[in-house]
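The structure under discussion appears below in the form of structure tokens.
All residue numbers in this chain count up from 1 along the given sequence. This is a predicted model, so every value here is computed, not measured.
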Amino acid sequence: DHSAIFSEGFFQGYSPLVVLVIALEAGGGLVVAVVIKYADNILKSFATAVSIVTSTIVSAWIFGFMISKLFVGGCLLVFLAIWLYSKKDGVESSQGSLSTRPKNLPQQTSEIAMMGIDSRKSSG
């Protein structure tokens with residue numbers, strides 16, 4: 001392989017379809033990184049679940065894939081979980097709007113890191 005790479009290049013044998021798949025996978029990884037940075041892991045998991053449900057429905061429509069009752073039940077549970085997670089529970093935040101987050105929790109992970117530093121300074 002070493003000599004073939006030197007003589008014909010690293011991308012020898014790559015078809016346009018292979019390049020497209022690589023680009024889509026790389027783009028998907030970047031989207032996941034952005035979602036985790038600006039949202040949280042739970043939203044990423046919900047987005048993954050919704051994409052699985054969507055791709056299965058599209059597969060059933062295009063390729064004639066048969067969807068089972070168990071899959072439909074799983075889809076309903078996914079959508080129920082998303083609805084419960086996004087539902088407001090009536091706790092009022094300091095800005096006056098409804099929020100599900102208790103007031104004493106930090107808003108970002110950087111605040112959690114600073115809490116650890118502050119507690120070390122006060123104990124020392």
Side-chain angles (χ1 to χ4, degrees):
D1 288 344
H2 184 266
S3 60
I5 291 173
F6 274 127
S7 65
E8 298 179 37
F10 181 77
F11 297 106
Q12 63 173 342
Y14 280 39
S15 69
L17 181 62
V18 171
V19 173
L20 177 67
V21 169
I22 291 171
L24 286 174
E25 291 294 325
L30 293 173
V31 168
V32 167
V34 168
V35 166
I36 290 175
K37 180 174 182 174
Y38 294 107
D40 61 7
N41 255 347
I42 295 174
L43 290 179
K44 179 214 165 256
S45 299
F46 284 149
T48 303
V50 169
S51 72
I52 291 170
V53 169
T54 305
S55 64
T56 303
I57 291 170
V58 169
S59 294
W61 179 54
I62 292 176
F63 303 117
F65 176 73
M66 297 302 294
I67 297 176
S68 69
K69 293 177 185 176
L70 190 60
F71 182 81
V72 172
C75 290
L76 292 175
L77 287 175
V78 165
F79 293 128
L80 176 67
I82 292 170
W83 178 73
L84 288 173
Y85 181 75
S86 63
K87 188 178 114 170
K88 304 291 184 191
D89 66 357
V91 176
E92 190 158 331
S93 70
S94 59
Q95 289 84 19
S97 63
L98 294 178
S99 172
T100 58
R101 184 178 200 79
K103 291 181 182 179
N104 58 348
L105 290 179
Q107 295 296 317
Q108 296 181 348
T109 54
S110 59
E111 294 177 21
I112 296 171
M114 294 307 291
M115 288 170 55
I117 292 171
D118 291 341
S119 66
R120 281 187 250 148
K121 285 181 181 177
S122 61
S123 65

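- Crowding of E25 atom CD: a count of heavy atoms from other residues, nucleotides or ligands under 6.0 Å not exceeding 12.
- Few gaps surround CG on L20; more than 12 heavy atoms of other groups in view lie less than 6.0 Å from it.
- With rounding to the nearest 0.5 angstrom, the CH2 atom of W83 is 13.5 Å from the CG atom of L76.
- Under the 4.5 Å side-chain criterion, counting only non-hydrogen atoms from C-beta, V50 is in contact with F79.
- One finds the CZ atom of F11 at 10.5 Å from the CD1 atom of I5 (value rounded to the nearest 0.5 Å).
- Ring geometry for F10 against Y14 counts as tilted: the plane angle lies between 30° and 60°, on a 0 to 90° scale.
- Atom OG of residue S59 and atom CE of residue M66 lie 13.5 Å apart, to the nearest 0.5 angstrom.
- In this structure, the side chains of T48 and I52 come closer than 4.5 Å at one or more pairs of heavy atoms.
- If you chain together hydrophobic residues whose side chains sit under 4.5 Å apart, V19 and L17 never meet in one group.
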- Message: Test side-chain contact (heavy atoms from CB on, under 4.5 Å) on V18 and S15; report intermediate values, then the result.
- Response: CA-CA 5 Å; V18 171; S15 69; 3.5 Å; yes
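- Under the 4.5 Å side-chain heavy-atom criterion for grouping Ile, Leu, Val, Met, Phe, Trp and Tyr, I82 is connected to Y85 within one hydrophobic cluster.
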- Show your reasoning for whether side-chain contact (heavy atoms from CB on, under 4.5 Å) applies to V53 and I57. CA-CA 6 Å; V53 169; I57 291 170; 3.8 Å; yes
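- With hydrophobic clusters built from ILVMFWY side chains whose heavy atoms lie under 4.5 angstrom apart, V72 shares a cluster with F65.
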